[in-house]
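Here the structure comes first, spelled out in structure tokens, and everything after it is commentary.
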Protein chains: 2
Amino acid sequence: MKKIEGNVKNHIEIEEIAKYIGNTIKIHGSIHKIREMSNFSFIILRTKRQMVQCIYSEEFSKFPLTNIKEESCVIFSAEVIAEQRSKTGWELRLIDVEILSEPVEKSTIIFNNKIVETSLETLLDYRPITLRNEKQRAIFKLQEGICKGFREFMLSQNFTEIHSPKLVYSGAEGGANIFSLDYFGKEAYLTQSPQFYKQMMVGVFERVFEIAPVFRAEKHDTSRHLNEYTSVDFEMGFIENFEDIMNMETLMLQYTFNLLKNEYINEINLLQVKLPDISFIPSITFTEAKELVSREFKRPITDMFDFEPEEEKLLSEIINKKYDSEFVFVTHYPSKKRPFYAMDDSNKEFTLSFDLIFRGLEITTGGQRIHEFNEQVEKMVSREMNVDLFESYLMMHKYGMPPHGGLGLGLERLTSKLLNQNNVRLSTLFPRDINRITP
Amino acid sequence: MKKIEGNVKNHIEIEEIAKYIGNTIKIHGSIHKIREMSNFSFIILRTKRQMVQCIYSEEFSKFPLTNIKEESCVIFSAEVIAEQRSKTGWELRLIDVEILSEPVEKSTIIFNNKIVETSLETLLDYRPITLRNEKQRAIFKLQEGICKGFREFMLSQNFTEIHSPKLVYSGAEGGANIFSLDYFGKEAYLTQSPQFYKQMMVGVFERVFEIAPVFRAEKHDTSRHLNEYTSVDFEMGFIENFEDIMNMETLMLQYTFNLLKNEYINEINLLQVKLPDISFIPSITFTEAKELVSREFKRPITDMFDFEPEEEKLLSEIINKKYDSEFVFVTHYPSKKRPFYAMDDSNKEFTLSFDLIFRGLEITTGGQRIHEFNEQVEKMVSREMNVDLFESYLMMHKYGMPPHGGLGLGLERLTSKLLNQNNVRLSTLFPRDINRITP
């Protein structure tokens, strides 16, 4: 019998190297790049979060340079030398190397330059290696920070984290855009949103959140659609009005951008991210927004019930110019276009709902939900829905629910817009679209 | 145009009531229970995390008791009175009430007693309301704490959080236990584990983790199987040997149980959880374990390649008695029974792998993976696998990977065993099994 006591042996982490000036340390990583100069070489070591420049020279290195290859995994012995010209205040002189593994081939896709110069298709086809690029991987480190910010904020506001099922017996929003599968002889679906479950859990914990995958069988092939994405969802009870939800989202974004600035500054600098000012977010109604865009850009309004993506972009432009904000809430969407659980305004043609548009793209949909049983059943009947199919959903309304509402935010869309990318796939680790289910 | 500035109006939270002794406050919640006494009544208010006892009396309450019902959602005005006999040091005298909503019916399932006295079937059928029971919901608050502990620990160890796809082009482990679906005319699968993706991401970030749903189409109908569960996965590069992974898990559990003790003490007390001592975890080999159980319980060994659930229980008993540990690592499982990516020991009949057994139930499977391309291809060929189907998986090996390994831990199983439950469904928010896909 052995005893496992939790002794994990670690080599030195980059953040602590400065403490070892004048000493010889061990450091491990993948050899990202070898740059041979006239009488020495730069060896760029890829570590967990940073690229570390090491110096190889026959003067002090006790191994032939030919022993190491790009993408070999190694443990270096290195001397830490004080060096004022370096940003870090030190440089690493390689003394010796232990080679842990070697690649069998050199990739034809070059990923160890500043950027991966290739098509989007190739970038995604070769994800397992193109993600090794410094900037490519920084996107997903930053995305980690966004999740960290959201979670920390929500826990600080007494939201409870939940894990709702992804295999469901009926779709939340209904419609054709849903993946179905055989579940032991029954038909099941992949959830389009945790909507029903987060509402149920409001009756239990008052405030809940979840960050988890959702699935949409939409046949759109655009730069902003994914068929699987990570949805950041929260739902809160005892709201006074639907603006409470927008206020909570504003706080969440403020907290998160602040966290990114404090804890992810390396990635922000590397990716040249301009964090948006978010001291307030302008809010206008759907009808006002439609008219504003029509007036300012002299466009006729063709669809009074929905926003075209082009209109979202134009609206963002106007709001940015007028109010110096890259975010805008659009509220009071037409009832026709919102789901059966959306609470109507006093004017029943509109709902107490909102979208959040960021740099021209909708990143959040939210709103107040119906909490009274009879009101909910009436709205379902008026839409000719089969109420019997929703027995377990309506259970919460029947036995008592507080006024409540919430939202869903697309993690990849937010990341992508934050980075001013032109395609949401660039902020998706392994994107799924109508043509792609690999790697 | 309105400005949304992040002003969320909150009523007073339970944790801060003590500050308001002598004052009248507003507090909101659901009326969990009304207990009429001879000349006053106890009103138990269900708030986000705690049940709060309030006192109603015609002496000071300005509304008739008949105005409120169990499961009404209300805002109370209440006077905070110092009261030494109370554990909190105060009591709440109800002055007035604002009723926000009312149930249309009283549930026949009683959920506002200490426990919900009903069958497992009914408990799960009525999840939206049975979860309103104080002990039922505490299970999932505690589960939140487990996730919080894992994440905090992993981030502290420089693991990067990832979001891998759940819709995949082939199963990680292969076999028949996989859900399939039509994906725009192609066949796709629901992931059984993030195995391939977390390995790929080791090549990128060295250390990664994910807490996300996985899907198993297993036809088992047992107290320990779920067809969808939450998998806690991590994978780490540059390991010296596979014990590094067990050490990391031990640290993770130590950190997490400590966090539960500090931040979830109310739930621990309410559910009478006995947190296990985890200063070390005994580790024995698969072969030794089989022989030990056989010897101690005089059971013949019928299957030399696998553990029966009964053997896991018996092994736990022995280890607990001998080494005073409720956890035990079993290492070196036979190659035959482990997946194609498992690294073999020097004796190729066994693998550098382990399971972690907690109170008689396997909660983790992990091990070292093959990192050399040729070694991996050879093992696949020897198993008569079609190597061409794994092109994007093998890409990482081809272009260089460090020695690495990792594990997957079942969140619901850990929670369930921590609570000494006899069925994992009790620690699953909305369980999915061969007979259940609702609510």
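Values below: all heavy atoms of this structure, side chains included; hydrogens, waters and symmetry mates excluded. Every chain is numbered from 1 and lettered A, B, ... according to where its sequence line falls, protein lines coming before strand lines. Quick caveat, the model's predicted, so the values are computed rather than measured.
No part of B:I245 comes within reach of chain A, as not one of its non-hydrogen atoms sits under 4.5 angstrom from that chain. Residue contact with chain B, scored on non-hydrogen atoms closer than 4.5 Å, involves the backbone of A:S180 exclusively. Interface remark: B:I437 contributes backbone and side-chain atoms alike to the contact with chain A (heavy atom separation under 4.5 Å). Only the side chain of A:P213 comes within contact range of chain B, judged by heavy atoms closer than 4.5 Å. Only the side chain of A:E13 has a heavy atom closer than 4.5 Å to any heavy atom of chain B. If you measure heavy-atom distances from B:E218 to chain A, the contacts under 4.5 Å come from the backbone alone. In this structure, no portion of A:L253 lies under 4.5 Å from any heavy atom of chain B. For chain B, no part of A:Y229 is nearby; none of its heavy atoms comes within less than 4.5 Å. Proximity to chain A (any heavy atom under 4.5 Å) is restricted, for B:F215, to the side chain, taken from C-beta onward. Neither the backbone nor the side chain of A:V328 comes within less than 4.5 Å of any heavy atom in chain B. Looking at B:K186, only its side chain comes within 4.5 Å of chain A, counting heavy atoms on both sides. When heavy atoms are compared at a cutoff of 4.5 Å, A:Y393 does not approach chain B at all. Using a 4.5 Å cut-off between heavy atoms, A:D433 touches chain B through its backbone atoms (N, CA, C, O) alone. When heavy atoms are compared at a cutoff of 4.5 Å, A:I31 does not approach chain B at all. For A:S107, the parts sitting under 4.5 Å from any heavy atom of chain B are the backbone and the side chain alike. Contact annotation for A:L190: only side-chain heavy atoms (C-beta onward) come within less than 4.5 Å of a heavy atom of chain B. Proximity to chain B (any heavy atom under 4.5 Å) is restricted, for A:L155, to the side chain, taken from C-beta onward.
Within a 6.0 Å radius of OH in B:Y126, no more than 12 heavy atoms belonging to other residues, nucleotides or ligands are found. For A:K219, the NZ atom is loosely surrounded, since the number of other residues' heavy atoms within 6.0 Å does not exceed 12.
The CE atom of A:M248 lies 11.5 Å from the CG atom of B:N7; values are rounded to the nearest 0.5 Å. Atoms NE2 and CG, on B:H163 and A:L429 in that order, are 9.0 Å from each other to the nearest 0.5 Å. With values rounded to the nearest 0.5 angstrom, B:M401 atom CE is found 15.5 Å from A:E102 atom CD. In this structure, the separation between CD1 on B:I4 and CD1 on A:I278 is 12.0 Å, given to the nearest 0.5 Å. In this structure, CZ on A:F205 lies 8.0 Å from CZ on B:F140, to the nearest 0.5 angstrom. From B:M1, atom CE reaches atom OG1 of A:T285 across 12.5 Å, with rounding to the nearest 0.5 Å.
A side-chain hydrogen bond (donor to acceptor under 3.5 Å, both in side chains) with A:E161 is found for one member of B:K141, B:Q143, B:R151, B:K148 and no other, namely B:R151.
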Checklist line | Step-by-step side-chain contact (heavy atoms from CB on, under 4.5 Å) determination, A:M396 to B:R132 | finding: CA-CA 10 Å; A:M396 63 176 158; B:R132 296 181 184 182; 3.7 Å; yes

Next item on the list: Please step through side-chain contact (heavy atoms from CB on, under 4.5 Å) for the pair B:F238 and A:L100, ending with a clear verdict.
Entry: CA-CA 8 Å; B:F238 294 90; A:L100 302 174; 3.5 Å; yes

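Residues A:E228 and B:K166 are in side-chain contact: their nearest non-hydrogen atoms beyond the backbone lie under 4.5 Å apart. Counting heavy atoms from C-beta outward, B:N227 and A:L167 have side chains that stay 4.5 Å or more apart. In this structure, B:V168 and A:R432 have side chains that are in contact, with non-hydrogen atoms separated by less than 4.5 Å. A:R137 is not listed as a side-chain neighbour of B:M201, based on a closest heavy-atom distance of 4.5 Å or more. Looking only at side-chain heavy atoms (C-beta outward), A:R49 and B:N158 stay at 4.5 Å or farther from each other. By the 4.5 Å heavy-atom criterion applied to side chains, A:K106 and B:Y399 are not counted as neighbours.
No other option in A:L181, A:I284, A:T428, A:I281 has as many heavy-atom pairs under 4.5 Å with chain B as A:I281. Contact tally against chain B (heavy-atom pairs below 4.5 Å) for A:H371, A:E412, A:E288, A:M395: the top residue is A:M395. Of all the listed residues (B:K322, B:E144, B:M200), the one sharing the greatest number of non-hydrogen pairs under 4.5 Å with chain A is B:E144. Taking chain B as the reference chain and counting heavy-atom pairs below 4.5 Å, the highest number among A:D182, A:I129, A:I434 is found for A:I434. Put simply, of A:S325, A:G185, A:G29, the one with the most heavy-atom pairs under 4.5 Å next to chain B is A:G29. Ranked by heavy-atom pairs under 4.5 Å with chain B, the first of A:L292, A:I239, A:T160 is A:T160. Between chain A and the options B:S392, B:S101, B:S72, B:P165, the largest number of non-hydrogen pairs under 4.5 Å is found for B:P165.
For B:Y197 (side chain) and A:P439 (main-chain N/O), a donor-acceptor pair under 3.5 Å exists by modelled atom type. The backbone N or O of A:S279 sits nowhere less than 3.5 Å from a side-chain atom of B:E5 that would complete a donor-acceptor pair.
Counting all heavy atoms, side chain and backbone alike, B:G203 lies closest to A:R46 at O-NH2, 3.1 Å. Scanning both residues, A:F373 and B:V104, for their nearest heavy atoms gives CD2-CG2, 3.7 Å. Looking at every heavy atom in both residues, A:R207 comes nearest to B:N10 through NH2-OD1, 2.9 Å. Residues B:V204 and A:P128 approach most closely at CG2-O, 4.2 Å, considering heavy atoms. Nearest approach of B:C73 to A:P402, heavy atoms of both residues: SG-N, 3.3 Å. Across all non-hydrogen atoms, the minimal contact from B:D244 to A:K9 is OD1-NZ, 4.1 Å.
Between B:F179 and A:Y183, the ring-plane angle classifies as parallel under the 30° and 60° cut-offs.
For the pair A:K3 and B:F280, the cation-pi criterion (under 6.0 Å, within 45° of the ring axis) is fulfilled.
The pair A:K2-B:E243 counts as a salt bridge, with a side-chain nitrogen and a carboxylate oxygen less than 4.0 angstrom apart.
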